[in-house]
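Inspection log for the structure reproduced underneath, given as structure tokens.
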Amino acid sequence: MGAVPGGLDTDIDLPMAVPLRHFVVGLGFLVAGTLVGVSAVANAVPGLASLAHVHLLLVGWVCVTIMGAMTQFVPVWSGTSLYSQRLATVQLALVAAGVSGFVVALTLDAVAWLAPFGALMLAGFWTFAYNILRTLAALDEYDVTERHFGYALGFFCLLSLFGLVLAVDFTAPVTPSLPVEHGNLRHAHATIAVFGAVLTTVYGALYQLGTMFTQTELHGVDQYLQSLEAVAHPLGVVLLAGGRLVDSVLVAQLGGLLVVAAAFAMSTVLGRRLYEMRVEWEPMHTRYAVVAVALAAWAVSTAPAWLGAPTTERHLFGASGSAHLLALGVIGLVLVGTLYHIVPFIIWVDRYSDRLGFEAVPMIDDLYDDRLAAIDGTLWVGGTVVIVGAELADLSPGILGAGGLIVTLSVAAFAANMLLVVHEHGPDPFDRVLLGSLSPRPEPGPDDDGSTSEV
């Protein structure tokens, strides 16, 4: 008989269909972004292909997935109700439309349309931030995860504002009248997006997920490291982005060192949770182990780069060649590993939780194909190693393209696995997940021999 991980209370009124729609839409952006990235290596994508690739993955997949995850689990973790499911539906429509139009405008060199679609993304992110902040406002006090999410929401608002200014600057230059240059504003925008909105959310979630899926608790040195990270990371992001915005090397150095120190702390906490885990090792734990190693490796390589030249383009996301180590080895693996539990969890709660204790029901991890999960995990890590190695060794574009192709195959396997979960155990993904409310499929009737079909 299955059990809910971490003892989560399935009696809470969860907005099931809303986050699932976010994940399905985000999955589409992940596939599109991966294909655009591989095609761009072969110069098969017109216009500003690299920007289109980045926005499809970072905004379309990562940020939309984060929006869905917060909508789902802030009420669960905080023991409260989502402020508005209607606003959660609106936020997805605005951001999805904004990203789609923005990417099309980039590939067609239709820069006049960047600002309107950028405004849609801003409206979507601010709607999302307002909805979650109103949800958190009902609490009397905040734990480490809730504080991280609060910081991340502020970063979401700031990055979308900077992004809109950059989009407007393409057709109606405004930065000449501002005390900052276009390039510096772009660097600050990227810093706030990756390290502020995304990595802050990832850290906050890992405090919950790392303990829940290892059945351990933070203790001893973990608590000191948590206190260090909880202050150093958000403050470091502000200083790093601010230093890059005003082109102050000293301020950016200080901020960069704080961000690196926080990464070391988070890597150590996650590694200790895995070392002390009290449950059977699963593929998700392997992903988190790779995340801990990749985060530490990124920090080791980035520290001297940011200490030397933190405001340069080549060190925007760390040392030269380490951008994909952070994006694929840390952020991507956390999202993929987490989605392997979130999507089946949503389906399981909706379809099977009411039957628990009355009949045999599958466990949450039984809903997806573990063989496909092993394949996509192997391909993801392998492709990441090839891409990072090719960048560090300055190998030919063909090697880089091969790594991208391997990651593309991983994305295909992952997408197929998640869509199979929705197809086989949930409602029709288009009629009910994307367009309507989530509800279980009709139960099978009695078999010919008079017995009831068993799940």
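Atom set for the values below is all heavy atoms of this structure, side chains included, hydrogens, waters and symmetry mates excluded. Position 1 is the first residue of the sequence, and the numbers go up from there.
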Indicate every side-chain donor-acceptor pair of residues 90-98 with a distance under 3.5 Å to a residue at least two apart or in another chain.
{"residue": "Gln91", "atom": "NE2", "partner": "His22", "partner atom": "NE2", "Å": "3.2"}
{"residue": "Gln91", "atom": "NE2", "partner": "Thr71", "partner atom": "OG1", "Å": "3.4"}

Side-chain donor/acceptor pairs under 3.5 Å, residues 106-126, sequence neighbours excluded:
{"residue": "Thr107", "atom": "OG1", "partner": "Val103", "partner atom": "O", "Å": "3.2"}
{"residue": "Thr107", "atom": "OG1", "partner": "Val104", "partner atom": "O", "Å": "2.9"}
{"residue": "Trp126", "atom": "NE1", "partner": "Cys157", "partner atom": "O", "Å": "3.2"}
{"residue": "Trp126", "atom": "NE1", "partner": "Ser160", "partner atom": "OG", "Å": "3.0"}

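Judged as a salt bridge (charged side-chain N to carboxylate O under 4.0 Å, His left out), and not counting sequence neighbours, Asp143 has no contacts. The ring-ring contact (aromatic ring centres under 6.0 Å, His included) check on Tyr83 picks up Tyr130, with sequence neighbours excluded. Residues satisfying the salt bridge (charged side-chain N to carboxylate O under 4.0 Å, His left out) criterion with Glu141, sequence neighbours excluded, are absent altogether. The ring-ring contact (aromatic ring centres under 6.0 Å, His included) check on His55 picks up Phe102, with sequence neighbours excluded. Applying the salt bridge (charged side-chain N to carboxylate O under 4.0 Å, His left out) criterion to Arg371, with sequence neighbours excluded, gives Asp369. The ring-ring contact (aromatic ring centres under 6.0 Å, His included) test applied to His148 returns Tyr207, not counting sequence neighbours.
Screening residues 306-328 for ring pair (Phe, Tyr, Trp, His ring centres under 6.0 Å) gives Phe195-Trp306, Trp298-Trp306 as the qualifying pairs, with residues at least two apart or on separate chains. Among residues at least two apart or in separate chains, salt bridge (charged side-chain N to carboxylate O under 4.0 Å, His left out) pairs with a member in residues 374-384 are Arg287-Asp376. For residues 368-392, every residue pair satisfying the ring pair (Phe, Tyr, Trp, His ring centres under 6.0 Å) rule, not counting sequence neighbours, is listed here: Tyr340-Tyr368. Pairs engaging residues 307-331 under the salt bridge (charged side-chain N to carboxylate O under 4.0 Å, His left out) rule: Arg186-Glu313 [sequence neighbours left out].
Counting only heavy atoms from C-beta outward, the side chains of Phe155 and Leu199 never approach each other to under 4.5 Å. In this structure, the side chains of His182 and Leu166 come closer than 4.5 Å at one or more pairs of heavy atoms. By the 4.5 Å heavy-atom criterion applied to side chains, Asn184 and Val246 are not counted as neighbours. In this structure, Ile342 and Phe73 have side chains that are in contact, with non-hydrogen atoms separated by less than 4.5 Å. Looking at heavy atoms from C-beta onward, Tyr142 lies out of side-chain contact with Ser78 at the 4.5 angstrom threshold. Looking only at side-chain heavy atoms (C-beta outward), Pro176 and Asp169 come within less than 4.5 Å of each other. Using a 4.5 Å heavy-atom threshold, the side chains of Glu282 and His341 count as touching. Looking only at side-chain heavy atoms (C-beta outward), Leu57 and Val62 stay at 4.5 Å or farther from each other.
In this structure, CD1 on Ile132 lies 11.5 Å from CD on Glu146, to the nearest 0.5 angstrom. Atom-to-atom distance recorded for Tyr288:OH and Leu206:CG is 6.0 Å, nearest 0.5 angstrom.
Across all non-hydrogen atoms, the minimal contact from Val59 to Cys63 is O-CB, 3.3 Å.
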